[in-house]
Amino acid sequence: MAGIASYGAYIPKYRLTKETVGWGFPGEKAVANFDEDSITMAVAAGADCLGGMDRSRVDGLIFATTTSPYAEQQGAATIAEALDLRHDIFTTDITNVLRAGTSAIRAAADAVKSRSAKNVLVVAADQRMAPPKSGADRTMGDGAAALLISSSKGLAQIDGFHSTSEHMLDVWRSADDAFIHSGEDRFIADEGYHRILKEAVNGLLEKQGLKPADVARVAYASTDPRRHADMARHLGLAPEQVQDPLYGRVGSTGTAFPLMLLVGALEQAAPGDRIVVVGYGDGADAIIFQATDALAKKPARRGISGHLDSRDTIADYDQMLQWRQLLAKEPARRPPPQPMSVQAAYRDRDQNLRLYGMKCSACGRVQYPPQRVCTFCRSKDEAVPWRLADRRGEIFTYSMDYVGGTPDVPLVIAVINFEGGGRMLVMLTDRKVDEVRIGLPVEMTFRSLGTFSEGIHNYYWKAMPLREGAPSTA
Amino acid sequence: MAGNGISDQVAIIGMGCSKFGERWDMGPDDLLVEAAYEAFEDAGVEAKDIEAAWLGTYVTAFTGQLLAQALKLEYIPISRVENMCATATDAFRNACFGIASGQYDIVMVAGVEKLKDTGFTGLGSSVILPNTNVMPPAPPPAQFALAATRYFHHYGIEPDQGRNTLAQISVKNHHNGSMHPKAHFQREITVEQALRAPMIAWPLGLFDCCGVSDGAAVAIITTPEIARTFRDDYILVKGMGLAIGGKQGTLRDDFDFVHFPETVAAAKQAYEQAGISDPRKQISMAEVHDCFTITELIIYEDLGFSPRGRASEDVEAGTFTLEGELPVNTDGGLKCFGHPIGASGIRMMYEVYKQLQGKAGPRQVKNADLGLVHNLGGTPGSFSVGVGVFGTRD
């Protein structure tokens, strides 16, 4: 048996809006901030999914993406550290194809069904790039989703799969390309997307002995809104059976897209509802779920609905080009970053990636970063690790730097005090300058600090103003 | 601490200070020669009379060899001292122990920094060991602005009002600096100019930030007994304090960011040695570490010049102007004289020395007989602070 024990999602706060006017496609799309990438978004979705749960029970993590920051270096391992998972777990990345997300669900379900794992976290995230203002750029957005697949029915049990594999040059990107390429659109719609996806869904329903009308919702990705609507006709679905693809609000989020739509469907599903999710790319994966009675009470998650309206618009298209380093910017007259010490990063991995501070067992005071000798009572080696990443805090003091040359001028730095004790000097991200004030409630967010020498991606935690849509129990 | 520390055991018999500023035509060795030969002439000594030396520099050199090479000091002990922006006072403090211990008769302390060769805005990098690079890439203005934001909030001061107070400190230091031919900036400004200047790190604007300068300063010190054989108006070291923070500002969630305990502790050490119980009344004039205007404001309180939370009132009352009750930064301070890191503490002593000798010209403070130097390095929450008290001979 396999089912979804929990779900979560992530949509970046920033949206490109008015710049899309004149593209022949009104609406907006979600764009990751300059300090986000597929790993950081996967962490955010994973944290949403695991909120309030015992992380020590997670014994597997699969990361699905086509935009892992590294060609060699596992994304899942970094994500597992940031999510504070155990070390003795199975982690892997499934990459290179847009159906990696649904393939990851299938792999996770196979793992729990074969009893090689009990709880496998699937995280899918993408931050793909198309040539600026191209057709694909109009419809692509950034986002992530996470599902905890467990060996029980959970919120929705997995009833079956149907997968196909077929070499198809419709969308591709070679290792040295920044942007995706696509084939001629009528060809890839007719011979690729519509045919292959339809065969997968029909194959699944046939295996299950079901008709399209037996399914409450079908969550499937598409290259654009028109193809998506055409697909519903091909599948013989009524409008209410089609999960809202969020075009004009988020955009197509690559490997995460079908999983985000699945999360959206779960948020709206009633017990007994059958949901089909389809991932497309060099074949297709179709998976059918049935919501259980447990879904009558929705878990406290930001999910899709919580993130969707928590938004801010970016200034203009140039802003996004700068965030993606596609528009040159005069560097500040400041020293270049020092080379990063991988040895120091190894030594400090718990404090930097897991955001462990320490709580002194003698006096009870929380300190970050961890100290061998307590700052308050001088007890030596008498502290326990104290994870701060899931704790909220508030700004004690702050400043705004206009000369340091960071991409987000002014760089807001803040001293924050955590609920339950502890303090940290942090960068503030996803902020509006005029909302920054002493006392502002903040939450922690895992972000990229950029690329250092020899292509090293450095990750750390920043604070951000508490986003709307937060579950009250988090 | 034993007795009065080094009070009255060390005397300054000569000082020199290079012109501070953008010294494109001068290397660090040239700057040291400029300052040292002024000090030699002032003291009436030659390089060959120097038995030992201490060189303070933050990033310009690693060892004392720079000083040996510049001045042709031959095979004598030279220690290089580094303590961030408090480097020079700490170098001086270490040299004092060399005299007070009886080991040496005449030693020199030199501070130098060549900052303008980096091409950077503000300070360059001071990282010695590669690290994980996760700390916010916030230059000093943004770090000190953390204290300004909190100070305003803590005392219920509206940011506009607070920025106006800070501007007055800058205006005072520009006025004083305009009267010193060696100062980096010698132009007066108005409060309006300061408030209209570009923002560097909210709430600190351009004129809230000190100069980034090249420069060197030198002191020749000896025992009071030997000093009498050189000159009548030697200056006595009355007390030297040094206090080092341990990142309490972020490790302790109860640290307030509106006072700097390192200054309080270093001042306590120096005051005890110097027998100072009422600094506001007893001290004639002070040179303090105004790297940013907010630093000077908080220093007034940390040194006991103003009651807690009341420094703004003293600024408004003109307490710290040249004509005020306790003139501060009579030579323009870091703001206008400039801030070549490793030289600054000795530059401060240079002004105190001239004031106590009555040789400060248009900046002369009347009846100056006890002067204070306060030198601070690091960022709010973890500082290195040196405080020195100097007096005229009895």
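All values below were derived from every heavy atom in this structure, side-chain atoms included, with hydrogens, water molecules and symmetry-related copies excluded.
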Got a second to check how far B:D254's CG is from A:R423's CZ, nearest 0.5 Å?
7.5 Å
Non-hydrogen atoms of A:N417 and B:D253 that approach each other most closely:
ND2-O, 3.8 Å
Contacts of B:Y300 meeting side chain to side chain donor-acceptor pair (under 3.5 Å) (sequence neighbours excluded), chain-then-number -> B:E296
Return the minimal non-hydrogen interatomic distance between B:N133 and A:F452, and the atom names on each side.
ND2-CE2, 3.1 Å
Please enumerate all residues that pass side chain to side chain donor-acceptor pair (under 3.5 Å) together with B:T263, with sequence neighbours excluded.
B:H374
Testing A:V436, A:V415, A:T397 one by one against B:T149 for a side chain to side chain contact (heavy atoms under 4.5 Å, CB included), which residue passes?
A:T397
Point-to-point distance, once rounded to the nearest 0.5 Å, from OG of A:S341 to CG of B:N131
7.5 Å
Can you see which heavy atom on A:T375 is nearest to which on B:R252, and at what distance?
CG2-CG, 3.6 Å
Is A:L425 close to chain B through its backbone or its side chain, or both, or neither, when contacts mean heavy atoms under 4.5 Å?
both
Contact origin within A:V342 toward chain B - heavy atom pairs under 4.5 Å
neither
Toward chain B, the part of A:Q371 with a non-hydrogen atom under 4.5 Å:
side chain
If you tally heavy-atom pairs under 4.5 Å against chain B, which of A:P339, A:G421, A:A345 wins?
A:P339
